[in-house]
Amino acid sequence: INKIDEFKYELEITIPADIFSKTYNELLKQASESQKVKGFRDVTIPNDLIEKQIGTALQAQTFEQLAPYYISFASQEEGLRIAMQPVITD
């Protein structure tokens with residue numbers, strides 16, 4: 001934790017790789033079921049093709065889904081109360 005000023009703190013969170021990977025794969029499966037790719041039947045679209053098309057967006061979506069839990073956990077662990085929406089940076 002890094003105190004920036006009286007009301008502003010910087011937290012570094014770590015999302016375990018296995019949890020991130022599991023959530024990413026679930027979102028990838030959902031995306032592969034809903035994506036339409038010319039030349040493929042709906043249920044036979046390879047994951048690597050889906051990842052080429054929307055892999056970066058899926059990574060961001062995975063982080064956005066998991067981050068609130070880990071931010072809440074870290075802030076509670078440090079005894080902080082979140083007063084506004086956290087700003088997320090790399």
Task: Test side chain to side chain contact (heavy atoms under 4.5 Å, CB included) applied to P68 - qualifying residues, sequence neighbours left out - done: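 Listed in chain order: nothing, the list is empty.
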
When the side chains of residues 7-27 are checked against the rest of the protein, which donor-acceptor pairs come out under 3.5 Å, sequence neighbours left out?
residue : atom : partner : partner atom : Å
E10     : OE1  : N2      : ND2          : 3.4
T23     : OG1  : I19     : O            : 3.0
Y24     : OH   : E51     : OE2          : 2.9
N25     : ND2  : S21     : O            : 3.2

| query | Tell me, do I54 and L28 make a side-chain contact under 4.5 Å, heavy atoms counted? | reply |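 A side-chain contact is absent here, since even the closest heavy-atom pair is not under 4.5 Å.
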
Can you give each donor-acceptor pair under 3.5 Å made by side-chain atoms of residues 60-67, sequence neighbours left out, with the distance rounded to 0.1 Å?
residue : atom : partner : partner atom : Å
T62     : OG1  : L58     : O            : 2.7

**Prompt:** Does anything in residues 70-80 pair up under side chain to side chain donor-acceptor pair (under 3.5 Å), and if so which pairs, sequence neighbours excluded?
**Reply:**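 Not a single pair qualifies under side chain to side chain donor-acceptor pair (under 3.5 Å).
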
